[in-house]
Amino acid sequence: MDDPVDNTAYTFVVSVNNPLPSPDPPPDHLPSDAEMASTIRLSTARRPEDAPLAHVYAPRTTEPYGRRTPSPAWIQFGPDGGSWCSVRPATPDVYDVHASDGAHLARITRRTGRLLPWPRRVRWSAQLTEPSRTVTGRVGTGYAWFAYAVTAPVWILFALCGMAYSFFDGTADDYTFRRPSRTRWRAPGAGTVLDRRGISKTYRFTPRHLDVRVAYALAVLQTWERER
């Protein structure tokens, strides 16, 4: 399937809160309780009227999104609203990506991180069906995690002071010390095919080395895990 932009690398962002709630019902081929949960836009698209690359639908629910209670998602091609692919949970932390005709595109797996008995970073991987290969990305670079561990006492003290100030001042600022989140997905023989920038929360994507539908599914799942 061709990429909606072209075959050169570009940067996009996944917006969890749709900037302009859509008054239109979901497309006919989606369940009646589906609602727009996110939009995927070029990082350079700043105006609400700029056409998104894709819309992401999910079942309407009052429950917060969680890895242990995942929900399916449908990614619709932005300019004409055509069906693009679906992302369905198989088991917790495992998702199957299917094309609009039902063909299996990839299985996405999230492996949790841990500290003991030895440190291990969170890993997102996609086992592609065609061509058969695995794309793997680990959350946070080694340097970032080292800096995080070394400076943690300072940031913890800062967060405690910030929370104390908020308590007396009545503000609701977020003083959380967020963990490193830069993620580079690499494919054998192709290098980095998808790169999440932690600070800007953008994704740098190289279409000629990875199916755009799988790239968007990886980005949506990771963004929802962190922000929904």
Side-chain angles (χ1 to χ4, degrees), residues 1 4 12-41 52-78 80-113 122-129 134-139 174 176 178-179 181 183 185 194 196 198 201-203 205 210-228:
M1 181 173 181
F12 67 88
V13 61
V14 179
S15 301
V16 174
N17 297 320
N18 189 36
L20 288 176
S22 174
D24 301 323
D28 293 338
H29 59 275
L30 295 184
S32 59
D33 66 341
E35 63 181 2
M36 195 183 300
S38 295
T39 53
I40 300 174
R41 297 176 178 272
L53 297 172
H55 297 293
V56 186
Y57 288 83
R60 184 180 301 108
T61 178
T62 57
E63 298 295 327
Y65 179 83
R67 290 181 13 246
R68 297 303 171 186
T69 57
S71 63
W74 299 273
I75 301 178
Q76 306 294 120
F77 184 45
D80 62 10
S83 178
W84 216 359
C85 70
S86 63
V87 183
R88 296 183 177 276
T91 61
D93 286 342
V94 178
Y95 306 83
D96 286 321
V97 184
H98 292 271
S100 57
D101 61 1
H104 187 262
L105 298 176
R107 167 159 284 194
I108 294 176
T109 304
R110 180 192 184 276
R111 188 190 69 178
T112 58
V122 172
R123 184 183 70 187
W124 287 91
S125 61
Q127 177 61 50
L128 307 180
T129 302
T134 302
V135 176
T136 303
R138 290 177 172 82
V139 178
D174 183 7
T176 347
R178 300 190 182 278
R179 297 178 179 181
S181 63
T183 310
W185 281 271
L194 182 65
R196 182 189 193 274
K201 300 179 182 179
T202 58
Y203 290 84
F205 174 47
L210 180 63
D211 190 311
V212 62
R213 295 165 292 186
V214 178
Y216 285 1
L218 282 166
V220 167
L221 289 173
Q222 188 187 41
T223 301
W224 283 7
E225 179 212 12
R226 301 183 67 87
E227 299 185 25
R228 278 189 77 185

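- The structure places OG1 of T136 at 8.5 Å from CD of Q127, a figure rounded to the nearest 0.5 Å.
- Remark: S125 pairs with no residue by the side-chain hydrogen bond (donor to acceptor under 3.5 Å, both in side chains) rule, at least two apart or across chains.
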Residues V122, T183; criterion side-chain contact (heavy atoms from CB on, under 4.5 Å); working and verdict = CA-CA 10 Å; V122 172; T183 310; over 6 Å; no
inquiry  = For V87 and L221: C-alpha separation, side-chain torsions, deciding distance, then whether side-chain contact (heavy atoms from CB on, under 4.5 Å) applies.
reply    = CA-CA 9 Å; V87 183; L221 289 173; 4.0 Å; yes
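- Between Y57 and S86 the shortest side-chain heavy-atom distance does not fall below 4.5 Å.
- Atom NE2 in H104 sits 11.5 Å away from atom SG in C85 (nearest 0.5 Å).
- Here CD of Q222 is found 8.5 Å from CG of L194. Values are rounded to the nearest 0.5 Å.
- Judged as a side-chain hydrogen bond (donor to acceptor under 3.5 Å, both in side chains), and not counting sequence neighbours, S100 has no contacts.
- The heavy-atom pair separating V214 from A106 by the smallest distance is CG2-CB, 3.9 Å.
- Summarising the geometry, atom OG1 belonging to T134 is positioned 7.0 Å from atom CG belonging to L128; distances are rounded to the nearest 0.5 Å.
- Minimum heavy-atom separation, I108 to A217: CD1-CB, 3.8 Å.
- Ring orientation note: the planes of F12 and Y203 are close to parallel, at an angle under 30° on the 30°/60° scale.
- Annotation for A37 and W224: closest pair CB-CZ2, 3.7 Å, computed over non-hydrogen atoms.
- Across all non-hydrogen atoms, the minimal contact from R41 to L53 is C-CD1, 4.0 Å.
- Inter-residue side-chain proximity for W74 and M36 is flagged as unmet; no heavy-atom pair is nearer than 4.5 Å.
- Across every non-hydrogen atom of Y95 and P89, the tightest pair is CD2-CA, 3.8 Å.
- Pairing each heavy atom of A215 with each of F205, the nearest pair is CB-CE1, 3.4 Å.
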query = Can you check side-chain contact (heavy atoms from CB on, under 4.5 Å) on W124 and R196, steps first, answer last?
reply = CA-CA 12 Å; W124 287 91; R196 182 189 193 274; over 6 Å; no
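- Sorted by first then second residue, the salt bridge (charged side-chain N to carboxylate O under 4.0 Å, His left out) pairs that include residues 98-108, not counting sequence neighbours, are D96-R107.
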